[in-house]
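Reviewing the structure listed below.
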Amino acid sequence: MRAMVLKALTDMARNETPLELVELPVPEPGDGELLLEVSTCAVCHTELDEIEGRTPPRLPVIPGHQAIGRVAALGPGAARYRPGERVGVAWIHSACGHCESCRAGAENLCAQFKATGRDVDGGYAEYMTVREDFAYRIPAGFSDLQAAPLLCAGAIGYRSLRLCDLRNGQCLGLTGFGASAHLVLAMTRHRFPDSPIFVFARSERERAFARELGAAWAGDSTDNPPEALHRIIDTTPAWKPVVEALRNLRPGGRLVINAIRKEEADKDNLLRLDYPVHLWMEKEIKSVANVTRRDVAEFLQLAAEIPIRPQVQTFTLEQANQALAELKHGRIRGAKVLCIGTGTHSRGNTVASKRREP
Ligand SMILES: [Zn+2]
Ligand SMILES: [Zn+2]
């Protein structure tokens with residue numbers, strides 16, 4: 001099978017082709033596993049963190065943790081799915097199942113947590129394996145292209161919103177407006193219709209897009225929103241938006257940081273922290289780590305109900321490096337998806353699905 005493989009960590013600013021196209025044997029499904037013929041796999045910012053070593057992967061590794069495929073073979077004991085069924089694979093590859101975190105429903109915090117495409121091979125390939133109890137049925141309304149980006153950005157966005165503990169009518173801020181934030185905006189409008197949403201984004205284009213999708217206000221991270229906010233979700237890789245967000249929280253407010261790692265470049269902004277302005281009055285900071293199976297499954301149902309139809313930009317498997325480089329340079333308008341399996345190539349190189357107002 002063809003696969004895009006990461007063999008060594010590298011800096012994408014100097015090396016824009018970190019992945020290599022290689023021919024590998026089709027993997028064998030183990031006990032309780034499925035072999036999937038991969039149809040689509042979405043590209044995620046976390047893959048830049050893997051390639052550049054902020055969340056180091058096993059090497060060599062096939063990246064990709066938002067894959068849609070069809071069951072091609074069943075490993076010994078696998079019985080939940082039939083050959084040909086469509087399933088999705090997300091960031092959580094496995095957890096131990098018996099530690100304190102796992103027993104409390106927090107398998108995302110398990111010390112044995114393994115991530116798809118980082119600790120085990122992922123979906124930048126024609127075939128992959130997945131444990132059947134960590135695979136998801138995909139609601140019928142989604143095409144393979146639309147479903148892939150929901151598996152990470154959507155699921156982690158859903159978890160961020162859960163951790164916000166927002167009540168209908170409270171003000172929500174979003175700092176950064178990438179794939180996950182678009183989806184959080186749609187989810188919030190559906191679940192909390194009376195909650196105004198305030199978007200902080202660097203470019204006017206992103207801000208205009210946010211208003212188009214229903215944000216009550218959009219500005220730069222240093223702008224003052226018209227009112228103080230109850231909850232803010234930060235999806236940026238930087239520190240300055242964190243400091244600005246803390247300033248914009250109202251007393252008792254909570255900042256949820258949805259980022260696997262922060263970049264070091266602007267860390268000196270933390271020295272600007274002024275306790276009474278940024279932290280006093282019982283302000284809270286909470287990070288988001290990984291996802292649970294519950295997050296993925298519940299989000300897929302919610303996405304079907306709203307319905308969410310992500311905007312996608314398609315690439316071939318061989319163009320994975322190009323997709324990653326565009327992500328690195330912040331050229332984001334909709335999710336980047338690799339079309340890998342048969343039947344997806346004929347749709348042309350760029351497909352922008354119609355956005356639906358939530
Ligand atoms: Zn991801
Ligand atoms: Zn565990």
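FYI, side chains are in, hydrogens and waters are out, and symmetry mates aren't considered; it's all heavy atoms of this structure. Order of appearance sets the numbers: ligands from 1, and atoms from 1 within every ligand.
- Salt-bridge annotation for D144 and R70: present, with a side-chain N of the basic residue lying under 4.0 Å from a carboxylate O of the acidic one.
- At a cut-off of 3.5 Å, with distance as the only test, a side-chain donor of T17 or N15 sits close to an acceptor on the other residue.
- Nearest N/O/S atom of H65 relative to the Zn ion (ligand 1): this is NE2.
- If you look at H93 and F134, their ring centroids are not closer than 6.0 Å.
- For the Zn ion (ligand 1), the N/O/S atoms of C152 include one lying under 2.8 Å.
- R137 and E85 are joined by a salt bridge, as a carboxylate oxygen and a charged side-chain nitrogen come within less than 4.0 angstrom of each other.
- For the Zn ion (ligand 2), the set of nearby N, O or S atoms under 2.8 Å includes one belonging to C99.
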